[in-house]
Protein chains: 2
Amino acid sequence: MFKKVLIAEDHEIANISVQKTLHDLGIHNTKYVYYCDHALTWIKNAIRDGEPYDLLITDIEFEDDDSPQEIKDGLSLIKAVKMVQPDIKVIVLTAKDRSALINEMFRENQIDGLVRKARRDGQHLREALQTVYQHRTYQSPDSKKFIQEQNSHEFTQFDLHIVKLLYEGISQKEMPEYLQQRDIRPSSLSSIEKRLNLMKDVLGFTKNEQLVAHCKELGFI
Amino acid sequence: MFKKVLIAEDHEIANISVQKTLHDLGIHNTKYVYYCDHALTWIKNAIRDGEPYDLLITDIEFEDDDSPQEIKDGLSLIKAVKMVQPDIKVIVLTAKDRSALINEMFRENQIDGLVRKARRDGQHLREALQTVYQHRTYQSPDSKKFIQEQNSHEFTQFDLHIVKLLYEGISQKEMPEYLQQRDIRPSSLSSIEKRLNLMKDVLGFTKNEQLVAHCKELGFI
DNA sequence: TATCTCCTTACGGTTTCCCGTAATCGATCG
DNA sequence: CGATCGATTACGGGAAACCGTAAGGAGATA
């Protein structure tokens with residue numbers, strides 16, 4: 001089993017449980033941190049000392065507080081960590097379902113396991129630890145189901161831009177101007193309308209309100 | 001300190017930590033359940049056996065799964081529990097900030113403590129346990145701050161109804177019909193428009209998209 | 001260069017939404 | 001009973017969004 005594990009998770013309550021789970025599995029050399037920046041520092045120091053971590057368990061969403069951080073979310077942390085230690089195993093622990101981002105990370109071999117914070121998450125974490133230790137990838141059942149449901153529409157950068165503008169209160173009529181300023185193409189009102197229609201159609205929505213709420217909920221914007 | 005505590009929390013990882021926290025404080029007579037219905041049953045049985053619980057620690061959001069439940073969320077659970085045991089102390093543990101609902105529960109003396117799942121939530125839970133045991137109420141600092149920020153607009157039932165309809169993809173034009181069917185008043189298009197304007201005005205929004213996303217994010221709908 | 005195709009843009013008619021004003025209703029009070 | 005005030009509803013003009021169709025442009029191919 002893994003020997004040396006780093007846990008990056010801002011919620012103290014979640015952090016305690018992960019530690020306890022590892023402890024129960026006989027992993028005693030664990031370090032837990034509440035900030036991404038700290039996580040990266042510990043990873044680097046461990047390499048410097050010739051005793052690198054085997055595994056990083058990290059959340060995705062980290063809350064901002066009064067101590068400003070360089071790295072603000074788990075995905076950025078993973079990228080930074082993989083730069084300095086490409087062979088480290090990574091298990092992601094997340095409350096939200098961000099299928100698009102997560103799928104991409106799996107494809108790029110940036111992560112080895114995904115556990116969604118849900119009813120049986122403790123069990124799933126144990127399974128993930130076992131599976132990833134055997135050099136296989138793991139996804140908790142909830143997230144698998146969700147990803148299957150969810151692959152109905154692949155959002156392009158353009159899609160996300162216009163949804164984000166909607167969320168910021170920009171009217172469709174004003175959008176062409178905004179998009180041109182940012183050198184985003186296409187930029188015409190027609191294209192925006194067409195694209196919004198397509199998204200709503202695929203997702204079974206009738207109103208932009210639903211689309212914006214949906215994207216917000218999934219963490220796309 | 002409390003002697004007998006019931007924990008209702010669907011996430012196994014959160015549940016483990018709460019148990020551990022209680023254990024560290026010397027509270028060993030704890031029961032943890034993953035469903036609201038189970039929680040109510042245990043409360044009732046404890047009363048029947050003459051050994052009622054001192055304290056209920058409960059989440060608010062419970063995820064649906066394949067085992068259908070009578071009580072689907074923490075607030076309903078609290079109401080049901082208070083019916084059978086009005087003197088039980090209640091600490092709520094929640095990830096989202098539902099200031100309106102929570103404030104109401106505090107006012108009605110339905111809950112004694114509120115801990116938001118955040119960076120220092122373990123610490124806050126310990127503080128809540130101490131404070132509530134002394135018959136005082138407790139709110140974790142995050143939630144206090146949030147409630148202050150948030151009191152810009154007090155959403156009425158009517159407000160939430162129309163926002164919810166928007167979220168469901170109903171056009172404003174169709175809303176009067178819906179509202180009349182459900183005996184909600186007022187129901188005219190004018191009233192709906194006026195109310196939407198007021199909400200957007202207070203919150204500094206220009207579009208319904210923002211309003212819906214905002215309410216969704218705060219768990220109002 | 002001519003042609004075909006795909007993507008983008010332009011345009012016009014219809015619906016919905018927005019917003020101000022005026023009429024109606026209902027309860028309270030002198 | 002009439003007056004008054006607040007809340008609700010009705011209405012109408014103008015703006016934005018919606019939707020189908022047609023025109024324009026860039027790239028690929030022969």
Side-chain angles (χ1 to χ4, degrees), chain A residues 100 152-217 220-221, chain B residues 100 104 151-217 220-221:
Chain A
S152 37
H153 179 67
E154 192 79 13
F155 286 87
T156 66
Q157 278 311 102
F158 180 65
D159 293 339
L160 295 182
H161 266 294
I162 55 184
V163 173
K164 185 176 275 180
L165 286 174
L166 276 182
Y167 175 69
E168 290 169 2
I170 313 298
S171 70
Q172 293 175 211
K173 205 187 145 201
E174 306 172 288
M175 283 190 194
E177 191 183 339
Y178 274 77
L179 294 176
Q180 279 162 26
Q181 282 174 7
R182 301 179 197 182
D183 283 326
I184 298 165
R185 298 206 38 210
S187 66
S188 75
L189 187 55
S190 267
S191 298
I192 293 166
E193 290 172 345
K194 181 169 292 185
R195 204 65 200 168
L196 283 172
N197 275 337
L198 188 134
M199 286 189 271
K200 282 185 282 188
D201 195 39
V202 170
L203 296 167
F205 295 152
T206 61
K207 295 181 69 63
N208 287 345
E209 282 86 338
Q210 302 175 285
L211 183 62
V212 172
H214 178 258
C215 287
K216 186 70 189 168
E217 199 167 4
F220 293 158
I221 54 175
Chain B
E104 200 182 320
N151 60 6
S152 37
H153 179 67
E154 192 79 12
F155 285 87
T156 67
Q157 279 310 102
F158 179 65
D159 293 339
L160 295 182
H161 265 294
I162 56 183
V163 174
K164 186 177 273 180
L165 286 174
L166 275 182
Y167 175 68
E168 290 168 3
I170 313 300
S171 70
Q172 292 174 213
K173 202 186 147 198
E174 308 172 287
M175 283 190 194
E177 190 182 339
Y178 274 79
L179 294 176
Q180 280 161 27
Q181 282 173 7
R182 301 179 197 183
D183 283 325
I184 297 166
R185 298 207 36 207
S187 66
S188 74
L189 187 55
S190 266
S191 298
I192 293 166
E193 291 171 345
K194 180 171 292 186
R195 204 64 201 166
L196 282 173
N197 275 337
L198 188 132
M199 285 189 272
K200 281 184 283 188
D201 196 38
V202 170
L203 295 168
F205 295 153
T206 61
K207 294 180 68 62
N208 287 345
E209 282 87 338
Q210 302 174 285
L211 183 63
V212 172
H214 178 257
C215 288
K216 185 69 188 169
E217 199 167 4
F220 293 158
I221 53 175

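Computed from heavy atoms alone, side chains included, the values below leave out hydrogens, waters and symmetry copies. Reminder, nothing fancy here: chain letters follow the sequence lines and each chain counts from 1. What you are looking at is a predicted structure, and each value in this text was computed from that prediction instead of being measured.
Using a 4.5 Å heavy-atom cutoff, the side chains of Asp159(B) and Leu198(B) are not in contact. Proximity of Leu196(B) to Met175(B): side-chain heavy atoms (C-beta onward) are nowhere separated by under 4.5 Å. Annotation: side chain of Leu160(A) is not in contact with side chain of Val163(A) (no heavy-atom distance under 4.5 Å). Considering only heavy atoms from C-beta on, Met199(A) stays 4.5 Å or farther from Phe205(A) through its side chain. Side-chain contact check for Gln172(B) versus Glu193(B): some heavy-atom pair is nearer than 4.5 Å.
Atom CG in Leu198(B) sits about 12 Å away from atom P in dT8(D), given to the nearest Å. Remark: P of dC11(D) and CD1 of Ile192(B) are 16 Å apart, rounded to the nearest angstrom. Residue Phe158(B) contributes atom CZ, which lies 14 Å from atom P of dA7(D) at whole-angstrom precision.
Taking the nucleotide of DNA chain D with the nearest heavy atom to each of Ser191(B) and Lys194(A), the more 5' of the two is matched to Ser191(B).
To the nearest 0.5 angstrom, Glu168(B) atom CD is 10.5 Å from Thr206(A) atom OG1. A distance of 10.0 Å separates CG in Leu179(A) from CD in Glu177(A), rounded to the nearest 0.5 Å. To the nearest 0.5 angstrom, Arg195(B) atom CZ is 13.5 Å from His161(B) atom NE2.
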Problem set entry | Annotated protein contacts, base or backbone, on nucleotides 11-17 of chain C with a non-hydrogen cut-off under 4.0 Å, one of B, S, - each | B----SS
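Contacts between residues 180-188 of chain B and DNA chain C, defined by a heavy-atom separation under 4.0 Å, are absent.
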